[in-house]
Amino acid sequence: ADSDNKGVNSGRLVACITTLFLFSKIRPQLMVKHAMTMQPYLTTKCSTQNDFMVICNVAKILELVVPLMEHPSETFLATIEEDLMKLIIKYGMTVVQHCVSCLGAVVNKVTQNYKFVWACFNRYYGALSKLKSQHQEDPNSTILTANKPALLRSLFTVGALCRHFDFDQEDFKGNSKVNIKDKVLELLMYFTKHSDEEVQTKAIIGLGFAFIQHPSLMFEQEVKTLYNSILSDKNCSVNLKIQVLKNLQTYLQEEDTRMQQADRDWKKVAKQEDLKEMGDISSGMSSSIMQLYLKQVLEAFFHTQSSVRHFALNVIALTLNQGLIHPVQCVPYLIAMGTDPEPSMRNKADQQLVEIDKKYAGFIHMKAVAGMKMSYQVQQAINTCPKDPVRGFRHDESSSALCSHLYSMIRGNRQHRRAFLISLLNLFDDTAKTEVNMLLYIADNLACFPYQTQEEPLFIMHHIDITLSVSGSNLLQSFKESMVKDKKKERKPSSDEETESDSNSGSESESEEEASKPRRLRKRVESDSDSDEENDINAVMKCLPENSAPLIEFANVSQGILLLLMLKQHLKNLCGFSDSKIQKYSPSESAKVYDKAINRKTGVHFHPKQTLDFLRSDMANSKITEEVKRSIVKQYLDFKLLMEHLDPDEEEEDGEVSASTNARNKAITSLLGGGSPKNNAAETEDDESDGEDRGGGTSGVRRR
């Protein structure tokens with residue numbers, strides 16, 4: 001083909017040359033006798049994207065092939081050097097990169113024409129030094145603005161040349177005592193502090209190149225500070241973060257290539273000597289380097305921009321695949337990345353976890369809860385609308401839990417699975433003080449995990465009951481105490497034994513007394529139960545302290561318990577379990593009894609309306625109105641009723657639902673926001689409406 005080929009054939013030319021490059025990559029010997037044919041393509045006039053692809057691919061072919069030629073002619077080599085140099089001076093980043101790389105192979109392995117490269121290096125290095133001193137004299141000088149393109153090109157090219165040539169060798173600098181790599185570092189570092197982001201980016205790209213030739217520079221304090229501050233600073237530009245991550249990625253990829261080459265070379269001579277140490281030194285170096293930057297790279301997982309997370313994950317995957325760090329510290333972060341909205345990233349993170357699990361059994365389980373908490377942080381970072389609470393399942397037809405892959409890795413081992421589930425349920429305990437949105441996130445996951453046997457949801461429900469009885473009592477106790485304290489002055493010490501009719505007790509404490517008694521000991525009021533409820537609410541309202549902090553505290557802490565109630569109700573509906581089945585379950589029973597597969601109902605969704613309303617209205621920080629107070633008191637009374645009837649009666653008559661079960665169901669219905677207990681996604685308004693509007697269940701149950 002003609003080197004000025006345009007139009008119709010240029011697409012075919014690109015395809016041919018790209019294919020030839022792939023041949024060269026696998027078996028460069030095949031191309032040795034065609035090298036002379038390839039060389040003229042370096043002079044292609046570049047106007048279209050295709051022309052650039054031709055040049056870059058030809059450079060890549062010659063880089064692999066020229067070193068294998070036996071006695072190539074001087075003119076051929078000189079022409080290649082000249083052509084490459086013209087391209088380096090004239091074109092953009094991609095061309096410069098490939099041409100410098102090709103020049104590296106030709107000069108270092110064949111021609112040893114160091115003077116030629118040294119002259120080119122000095123040209124750009126000199127330009128940079130000059131621009132630096134101009135900038136120091138007057139940062140706002142107009143000369144600098146005019147020279148910006150030259151500055152960008154110099155930063156990039158100096159870096160690219162340093163990647164492929166070690167200018168501190170005598171062949172280059174002669175007997176000069178100047179330390180070139182330190183000078184280059186100083187120059188590039190100077191421009192990383194420039195006010196123009198484009199200049200900063202190019203300087204960082206240049207540094208990344210230089211570090212490939214001299215990795216030890218990454219131990220320099222100023223480099224550590226630069227990299228880590230860019231990665232950890234929330235307000236730092238996304239482009240700079242990505243560039244630092246790309247630098248680390250390229251360094252690790254190059255190291256990997258170097259190691260593989262060292263391995264191949266070693267196999268050739270292994271019979272004669274022990275060369276194992278050679279590879280170890282270099283992997284020791286990259287291991288120490290990654291230890292320096294690991295934490296900041298992992299923290300980059302919590303970035304809003306998916307591109308930042310993408311490169312951070314690449315760096316971590318390379319680090320793990322090369323065995324440069326102990327994987328345990330990455331496990332929670334990988335679990336978190338497994339919840340990323342982009343499938344390619346989730347799969348990559350999950351794949352890493354599978355690899356770790358093969359090599360180190362138990363690591364995943366050990367860090368599972370930490371990973372769940374971290375995945376909540378990732379979701380928070382990704383959440384574009386802060387008004388909406390973060391949820392723990394995918395908003396698609398599958399409604400699968402975000403951490404379903406984690407659960408499926410753990411569920412196979414009964415002991416690990418149970419420990420994991422208990423740890424999650426413990427976060428709902430009133431003493432754990434977990435923030436409400438995180439509890440919602442965990443409840444979502446627990447509601448949607450891919451359970452397979454009946455044992456799994458039954459075990460959860462069993463533990464929810466235990467947590468409810470402990471946390472529920474604590475909660476009621478602390479609410480009561482906040483009321484009682486306020487009215488102590490009007491009380492006699494024996495107030496506990498006082499009857500309602502005792503005329504000495506003040507009317508207020510009497511009504512509070514009345515409201516706090518178990519309902520089965522109450523006077524039988526033959527009125528309708530709704531007005532009964534109204535009286536109770538009013539009675540408690542009168543006893544509320546001036547300071548509404550305890551009320552807010554109650555509303556806040558009770559969310560955990562409400563979520564557990566919802567979760568139990570949801571699992572019950574999802575798997576179609578009866579109360580008696582849940583009641584009879586014992587965790588110590590042999591595994592076989594509950595090994596049956598779950599028969600999932602369709603269309604059962606987990607929708608904890610009260611908690612969602614609580615989070616959306618930002619109740620914890622908003623001003624408290626009479627209406628809100630009423631709804632919290634109503635919640636308190638329903639809660640109390642529920643706690644009184646928590647354990648189903650043993651002696652239920654045949655076919656009859658006992659009053660206690662009825663009372664329990666009614667309390668649950670009311671707590672979960674109206675509707676029958678079966679439908680936990682009840683659409684009734686719950687927090688705003690008054691007591692009367694909120695029926696549900698059967699009325700008149702309380703009278704025994």
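Quick caveat: nothing in here was measured; it's all calculated off a predicted structure.
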Tell me, do [X] and [Y] make a side-chain contact under 4.5 Å, heavy atoms counted?
| X | Y | answer |
| --- | --- | --- |
| Gln380 | Phe302 | no |
| Val331 | Gln352 | no |
| Asn122 | Trp118 | yes |
| Met259 | Gln322 | no |
| Val178 | Asp168 | no |
| Lys130 | Gln134 | yes |
| Ile61 | Ile17 | yes |
| Ile55 | Tyr41 | no |

Table please: side-chain donor-acceptor pairs of residues 95-109 below 3.5 Å, with sequence neighbours left out.
from   : atom 1 : to     : atom 2 : distance (Å)
Ser101 : OG     : Glu63  : OE1    : 3.0
Ser101 : OG     : Glu63  : OE2    : 3.0
Asn108 : ND2    : Gly104 : O      : 3.1
Asn108 : ND2    : His164 : O      : 3.0

Flag yes if more than 12 heavy atoms outside [X] fall under 6.0 Å of its [atom1] atom; otherwise flag no.
| X | atom1 | value |
| --- | --- | --- |
| Gln136 | CD | yes |
| Lys234 | NZ | no |
| Gln169 | CD | yes |
| Phe363 | CZ | yes |
| Lys373 | NZ | no |

Mark yes or no for whether [X], through its side chain, and [Y], through its backbone, hold a donor-acceptor pair below 3.5 Å.
| X | Y | value |
| --- | --- | --- |
| Thr339 | Ile335 | no |
| Asp166 | Gln213 | no |
| Asn57 | Met53 | yes |
| Asp51 | Ser47 | yes |
| Ser375 | Ala336 | no |
| Asn321 | Ala317 | yes |
| Arg346 | Met337 | no |
| His214 | Ser216 | no |

Go through the structure and list residues passing side-chain hydrogen bond (donor to acceptor under 3.5 Å, both in side chains) with [X], not counting sequence neighbours.
| X | value |
| --- | --- |
| Asn147 | none |
| Gln200 | none |
| Ser307 | none |
| Gln351 | Glu355 |

Aromatic ring proximity, centroids under 6.0 angstrom, [Y] and [X]:
| X | Y | value |
| --- | --- | --- |
| Phe76 | His71 | no |
| Phe165 | Phe121 | no |
| Phe211 | Tyr251 | no |

What are the two closest heavy atoms between [X] and [Y], and how far apart are they?
| X | Y | result |
| --- | --- | --- |
| Arg309 | Ala300 | CG-O, 4.0 Å |
| Thr43 | Pro40 | OG1-O, 2.6 Å |
| Ser24 | Met31 | OG-CG, 3.4 Å |
| Asp350 | Gly338 | OD1-CA, 3.7 Å |
| Ser306 | Met345 | O-CE, 3.5 Å |
| Lys348 | Leu313 | CB-CD2, 3.9 Å |

field: Candidate pair Met189 and Leu207, rule side-chain contact (heavy atoms from CB on, under 4.5 Å), full reasoning
entry: CA-CA 8 Å; Met189 284 302 293; Leu207 282 173; 3.7 Å; yes
message: Could you go through Arg264 and Gln261, starting from their C-alpha distance and side-chain angles, then the distance that decides it, and tell me whether this counts as side-chain hydrogen bond (donor to acceptor under 3.5 Å, both in side chains)?
response: CA-CA 5 Å; Arg264 283 195 291 273; Gln261 188 53 51; 2.8 Å; yes
message: Under the rule for salt bridge (charged side-chain N to carboxylate O under 4.0 Å, His left out), what residues qualify as partners of Glu222, not counting sequence neighbours?
response: none
- request: Output all residues satisfying salt bridge (charged side-chain N to carboxylate O under 4.0 Å, His left out) with Lys132, sequence neighbours left out; order by chain, then residue number.
  value: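 Scan of Lys132 (salt bridge (charged side-chain N to carboxylate O under 4.0 Å, His left out), adjacent residues dropped) gives Glu186.
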Mind checking the [atom1]-[atom2] spacing from [X] to [Y]? Nearest 0.5 Å is all I need.
| X | Y | atom1 | atom2 | answer |
| --- | --- | --- | --- | --- |
| Met366 | Ile410 | CE | CD1 | 12.0 Å |
| Ile26 | Leu22 | CD1 | CG | 7.5 Å |
| Ile230 | Ser232 | CD1 | OG | 9.5 Å |
| Gln249 | Leu252 | CD | CG | 8.5 Å |

task: May I have all residue pairs that pass ring-ring contact (aromatic ring centres under 6.0 Å, His included) and include part of residues 180-209, sequence neighbours excluded?
output: His135-Tyr190, His135-His194, Phe156-Phe209
query: Please walk me through it: do Gln112 and Asp171 pass side-chain hydrogen bond (donor to acceptor under 3.5 Å, both in side chains)?
result: CA-CA 9 Å; Gln112 265 87 48; Asp171 299 322; over 6 Å; no
statement: side chain to side chain donor-acceptor pair (under 3.5 Å) pairs touching residues 238-248, sequence neighbours excluded, are Glu197-Asn239, Tyr227-Asn247, Gln243-Asn247
- request: Can you run down the side chain to side chain donor-acceptor pair (under 3.5 Å) pairs that involve residues 295-304, sequence neighbours left out, and say none if there aren't any?
  value: Lys295-Glu299, Glu299-Tyr333
query: Got a sec, which pairs hit salt bridge (Lys or Arg N to Asp or Glu O under 4.0 Å) with one end in residues 72-82, sequence neighbours left out?
result: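 Every pair satisfying salt bridge (Lys or Arg N to Asp or Glu O under 4.0 Å) with a residue in residues 72-82: there are none.
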Ignoring hydrogens and angles, write down the donor-acceptor pairs under 3.5 Å from the side chains of residues 148-155, residues two or more places apart or on other chains.
from   : atom 1 : to     : atom 2 : distance (Å)
Lys148 : NZ     : Asp196 : OD2    : 2.7
Lys148 : NZ     : Glu198 : OE1    : 2.9
Arg153 : NH1    : Ile88  : O      : 2.9
Arg153 : NH1    : Ile89  : O      : 3.3
Arg153 : NH1    : Tyr91  : O      : 3.1
Arg153 : NH2    : Lys90  : O      : 3.3
Arg153 : NH2    : Tyr91  : O      : 2.6
Ser154 : OG     : Ala150 : O      : 2.7

